[in-house]
K.L.:
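Before I ask anything, here is the structure I am working with.
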Amino acid sequence: MFSRLLILFILVPAVELAILIEVGKEIGFWPTMGLIVLTGMLGSSLTFRQGTAVWSRFNAKLQSGALPGNELIDGLIILCAGALLLTPGVLTDFVGFLGLIPQSRGLIRKFVQRYVKTTHLNPSAGPGNAFFYTTQRPPHSQETPAQDPEWQGTPRQRPDHT
């Protein structure tokens with residue numbers, strides 16, 4: 001994990017800087033600065049629009065009683081895309097704009113869902129993969145709440161109550 005972060009924080013800025021230098025040689029310094037400012041402003045505007053659209057879909061799902069799983073992932077993708085668009089650079093802008101286009105965001109969402117289902121983020125993937133669930137308790141036994149020393153609450157509040 002550390003090596004991936006190291007590559008991310010060293011290699012990506014180096015590539016971005018090289019691309020910006022080449023773009024600056026081709027179109028000049030001030031047009032390059034204008035391009036950086038323009039993509040930042042355009043990215044902020046698009047991020048705001050896409051974010052509010054996802055937020056209203058999120059609220060509509062909650063009002064209808066459905067779980068807003070896709071909307072949560074879309075919101076996370078839009079947040080990351082907005083951060084990438086505010087970062088100066090051509091490569092990060094390209095990836096950021098991909099996160100704001102609904103069709104490509106759907107592909108990214110499918111990838112994220114598949115990743116979560118098959119990796120350590122999924123507690124049901126196995127005991128060695130329960131990264132965030134290191135203190136998992138076994139499922140509730142058929143004991144009564146009075147016999148369960150960890151239980152606090154009424155029998156109706158018990159998770160396995162039918």
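Reckoned from all heavy atoms, side chains included, excluding hydrogens, waters and symmetry mates.
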K.L.:
Could you pull out the closest heavy-atom pair between Ser64 and Lys61, with the gap in Å?
P.N.:
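Where Ser64 meets Lys61 most closely, the heavy atoms are OG-O, 2.9 Å.
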K.L.:
Among the clusters formed by ILVMFWY side chains lying less than 4.5 Å apart, do Val12 and Leu84 turn up in the same one?
P.N.:
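The answer is no; the residues belong to distinct hydrophobic clusters.
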K.L.:
Which distance, rounded to the nearest 0.5 Å, do you find between the OG1 of Thr47 and the CG of Leu42?
P.N.:
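One gets 9.0 Å once the value is rounded to the nearest 0.5 Å.
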K.L.:
Please report the interatomic distance CG(Leu17) to CG(Leu91), rounded to the nearest 0.5 Å.
P.N.:
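It is 12.5 Å, given to the nearest 0.5 Å.
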K.L.:
Quick one: are Leu100 and Arg49 in side-chain contact, heavy atoms under 4.5 Å?
P.N.:
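No, every pair of side-chain atoms sits at 4.5 Å or beyond.
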K.L.:
Report yes or no: do Ile78 and Leu46 belong to one cluster of Ile/Leu/Val/Met/Phe/Trp/Tyr joined by side chain heavy-atom distances under 4.5 Å?
P.N.:
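Yes, one cluster joins them.
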K.L.:
Quick check: do Glu22 and Lys25 have side-chain heavy atoms less than 4.5 Å from each other?
P.N.:
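Glu22 reaches Lys25 side chain to side chain.
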K.L.:
Assess whether atom CE of Met33 is packed by more than 12 heavy atoms of other residues, nucleotides or ligands within 6.0 Å.
P.N.:
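Yes.
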K.L.:
Which atom pair, heavy atoms only, marks the closest approach of Val54 to Gly75?
P.N.:
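That would be CG1-N, 3.9 Å.
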K.L.:
What distance do Leu11 atom CG and Glu16 atom CD have between them, rounded to the nearest 0.5 Å?
P.N.:
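The CG atom of Leu11 sits 10.5 Å away from the CD atom of Glu16.
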K.L.:
With rounding to the nearest 0.5 angstrom, report the OG1 to CZ distance, Thr52 to Arg57.
P.N.:
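Spacing of OG1 (Thr52) from CZ (Arg57) equals 10.0 Å.
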K.L.:
Taking a hydrophobic cluster as the set of Ile, Leu, Val, Met, Phe, Trp and Tyr residues connected by side-chain heavy atoms closer than 4.5 Å, whether directly or through intermediates, do Ile21 and Ile10 fall within one such cluster?
P.N.:
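No: no chain of side-chain contacts under 4.5 Å links Ile21 to Ile10.
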K.L.:
Evaluate Val112 against Arg109 for side-chain contact (heavy atoms from CB on, under 4.5 Å), listing each step before the verdict.
P.N.:
CA-CA 5 Å; Val112 168; Arg109 182 185 340 110; 5.7 Å; no
K.L.:
Would you call Leu85 and Ser44 a side-chain contact if the rule is heavy atoms closer than 4.5 Å?
P.N.:
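Answer no - side chains too far apart.
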K.L.:
Tell me whether Trp30 is reachable from Ile27 by hopping between hydrophobic residues (I, L, V, M, F, W, Y) whose side-chain heavy atoms are closer than 4.5 Å.
P.N.:
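Ile27 and Trp30: one cluster.
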K.L.:
Check whether Phe111 and Leu79 end up in the same hydrophobic cluster, where Ile, Leu, Val, Met, Phe, Trp and Tyr are linked by side-chain heavy atoms less than 4.5 Å apart.
P.N.:
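Each belongs to a different hydrophobic cluster.
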K.L.:
How many angstroms lie between CZ in Phe58 and CG in Asn70, if you round to the nearest 0.5 Å?
P.N.:
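Taking CZ in Phe58 and CG in Asn70, the distance rounds to 12.5 Å.
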K.L.:
Give me the atom names and distance for the closest heavy-atom approach of Leu35 to Val23.
P.N.:
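Result for this residue pair: CD2-CG1, 4.5 Å.
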K.L.:
How close do Gly89 and Leu20 get, counting heavy atoms only, and between which atoms?
P.N.:
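Shortest heavy-atom separation between Gly89 and Leu20 comes out as CA-CD1, 4.1 Å.
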K.L.:
Begin with the C-alpha distance, continue with both residues' side-chain angles, and end with the deciding distance and a verdict on side-chain contact (heavy atoms from CB on, under 4.5 Å) for Asp74 and Gln50.
P.N.:
CA-CA 9 Å; Asp74 281 352; Gln50 292 292 319; over 6 Å; no
K.L.:
If I take atom OG1 from residue Thr39 and atom CG from residue Leu86, how far apart are they, to the nearest 0.5 angstrom?
P.N.:
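Answer for the OG1-CG pair, Thr39 versus Leu86, is 9.0 Å.
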K.L.:
A quick test of your reading: do over 12 heavy atoms of other residues, nucleotides or ligands sit less than 6.0 Å from CG of Leu8?
P.N.:
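Correct, the count exceeds 12.
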K.L.:
For Thr87 and Ala83, indicate whether the former's side chain and the latter's backbone hold a donor-acceptor pair under 3.5 Å.
P.N.:
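Here the side-chain-to-backbone pair exists.
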K.L.:
Any idea which heavy atoms bring Gly99 and Ser104 closest together, and the distance?
P.N.:
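Result for this residue pair: N-OG, 4.4 Å.
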